[in-house]
Amino acid sequence: MKSAVISVIGRPSAGKSTLLNALCGHKVSIVAEHPQTTRNVIRGILTEARGQLVLLDTPGFHASEKKLNLYLRAAAIQSLPEVDLVLYLVDSTRPPGEEERQIVERIAGLPVPLVVALAKLDLESRARESLRSFIKESLPGAPVCEISALTGEGMEALLSLLFERAPEGEALYDPEFYTDQPPEFRASEIIREQAITRVREEVPHALYVDIEDMEDRDEGRSLWIRAVIAVERESQKGILIGRGGSVIREIRIASQRELARIFPQQVALDLRVKVQPKWRKDDRLLKRLIF
Ligand SMILES: Nc1nc2c(ncn2[C@@H]2O[C@H](COP(=O)(O)OP(=O)(O)OP(=O)(O)O)[C@@H](O)[C@H]2O)c(=O)[nH]1
Ligand SMILES: [Mg+2]
C-alpha cells in the first residue's frame, strides 16, 4: 500500500482547492474566482485500492510583502520540507511570471519527489507553450501532466503519477475520513466562501469570519451557530449588509444551505457584521487565523 502526504503549491487562483476537492470527492476547501481564497493549510484525504494520499491545500504563493500575505506565504512554505511529495500546480492560462520563478526556486532543491500539473486544460490559452518550456528548463526531469479539475481530463494520469511516486506505508487516516478540519473551522470557511463570492474588489480580502458560538439544540436535531463577519471599514460593512439587509440575508441563507450538507442536523445561523479596523496588521489575530 502507498501512503503519502502531498503539498499542493502554486500561484493564487491556480486551481489548487478545486483540484483537492475533485481528488477527494468532497468539498474540502473553499473556492472562489478572486485570488487568495485559501488562508490555511487544509488537508484532504483520498483513500483507494492503491493506498492513501493526504493532500495539503495551501494558500496561493503571492509575491507581496503585506503582513497578511507574509503569513499566508509562510503557511504555504512551511509544509514543504515535511511532506513526501510536492505537487506544483501551474495555471495554464497565465504566462510564467515572477511568482512562478519564486515558487520554482523554493521547490527545485527539495529532497522530495516533485510532480507538476498544468491546470485548466479545458480553457483556451496561448500561454501553454511558454509554460511547458519554462517547466522543462527550470525543473528538468520533473514529470508533467495536463489536467482539468473541472472536466476530469488528465486526472487519472495525475493520480497514477502521484501513486507511483508515493512511498509504501500504512494509511494515516481511517478510509472514511476525507478531511480533519474542526467543525468550527469548516463552518467559518463556508460562511467566508458565501460572503466573498458576493462582494468585489478589496472586500473579499478585507474580511474574516469568526464562530462565536456553536451548540446542539432540540435534543441534537438542530445546530445553532453564531458567527460574525469582520471587515476593516464601515463602508465594507455597508456593502456586506446591503440595502435593507439583502446581502447579509443572502449570505446567511446560502451558508445555512451549504452547512446543512456537511453537518447531520438542520443549521440555524445567526450572522452579524462588525468593523475591526486594520485587522490585517494585527499579529495576534493573524497567528490565530492563519495556521
Ligand atoms: N475552467 C476551469 N476553471 C478552474 C479549474 N480549476 C479551478 N478553476 C477556477 O479557478 C478559480 C480559482 O480556483 P481555486 O481552486 O479557488 O484556486 P486556488 O489555487 O485554490 O486559489 P487560492 O486559494 O486563492 O490560492 C475558480 O474560479 C475556479 O472555479 C479548471 O480546471 N478549469
Ligand atoms: Mg485555494
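Counting convention: from 1, in listed order, for ligands and their atoms alike. When a residue number appears, it is its place in the shown sequence, counting from 1.
On a distance-only criterion, Gln36 and ligand 1 share at least one N/O pair closer than 3.5 Å. Considering backbone and side-chain atoms alike, His34 places every N or O at 3.5 Å or more from each N or O of ligand 1. For ligand 1, the polar-atom distance check finds no N/O of Leu121 at less than 3.5 Å from any of the ligand's N/O atoms. The shortest N or O to N or O distance between Asp122 and ligand 1 is below 3.5 Å. Distances between N or O atoms of Ala149 and those of ligand 1 include at least one value under 3.5 Å.
Using a 3.5 Å distance cut-off with no hydrogens or angles, the side chains of Thr151 and Asp122 do not pair a donor with an acceptor.
Here the closest non-hydrogen pair linking Gly97 and Arg11 is N-NH1, 3.8 Å. Closest approach of Ser3 to Leu172, counting heavy atoms only: OG-CG, 4.3 Å. Nearest heavy-atom pair across Val28 and Gln181 is O-NE2, 2.9 Å. The two residues Phe263 and Met214 have their closest heavy-atom pair at CZ-CE, 3.7 Å.
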Evaluate the criterion side chain to side chain contact (heavy atoms under 4.5 Å, CB included) for residue pair Thr58 and Lys16; output intermediate values, then yes/no.
CA-CA 8 Å; Thr58 64; Lys16 300 177 292 300; 4.2 Å; yes
Pair Ser255, Gln194 - check side chain to side chain donor-acceptor pair (under 3.5 Å), show working.
CA-CA 6 Å; Ser255 300; Gln194 296 308 321; 5.5 Å; no
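Considering only non-hydrogen atoms, atom 20 (O) of ligand 1 lies nearest to Ser17 out of Ser17, Gly152, Gly154.
Using a 4.5 Å cut-off between side-chain heavy atoms of Ile, Leu, Val, Met, Phe, Trp and Tyr, with links allowed through other members, Val83 and Leu87 fall into different hydrophobic clusters.
Considering Leu121, Ile147, Leu118 as possible partners of Ser92, the one that fulfils the side chain to side chain contact (heavy atoms under 4.5 Å, CB included) test is Leu118. Test Ile9, Leu85, Leu139 against Leu114 for side chain to side chain contact (heavy atoms under 4.5 Å, CB included) and you get one pass: Leu139.
Put simply, no part of Ala119 is less than 4.0 Å from ligand 1, judged by heavy atoms. The closest approach between Ala14 and ligand 1 falls below 4.0 Å for a heavy atom of the residue.
For atom 25 (O) of ligand 1, the closest non-hydrogen atom of the protein is Lys16 NZ, 2.8 Å. Taking atom 29 (O) of ligand 1 as the reference point, the nearest protein heavy-atom neighbour is Val31 CG1, 4.1 Å. Atom 17 (O) of ligand 1 has its closest protein heavy atom at Gly15 N, 3.1 Å. Nearest to atom 21 (O) of ligand 1 among the protein's heavy atoms is Ser13 N, 2.9 Å. Looking at atom 11 (C) of ligand 1, its nearest protein heavy atom turns out to be Ala32 O, 3.8 Å. Looking from atom 14 (P) of ligand 1 to the surrounding protein, the closest heavy atom is Thr18 OG1, 3.6 Å. Here the protein heavy atom with the shortest distance to atom 3 (N) of ligand 1 is Leu150 CD2, 3.8 Å. In terms of protein heavy-atom proximity, atom 5 (C) of ligand 1 is closest to Lys120 CG, 3.7 Å.
With respect to the salt-bridge test (charged N to carboxylate O, under 4.0 angstrom), the residues Arg192 and Glu258 do not qualify.
Close approach to Ser148 involves these atoms of ligand 1, each under 4.0 Å from a residue heavy atom: 31 (O). Heavy-atom contacts of Glu33 reach the following atoms of ligand 1: 27 (O) (cutoff under 4.0 Å).
Rounding to 10°, one obtains 90° for the angle at the Mg ion (ligand 2) between OG1 (Thr38) and OG (Ser17).
Aromatic ring centres of Phe291 and Phe185: separated by under 6.0 Å.
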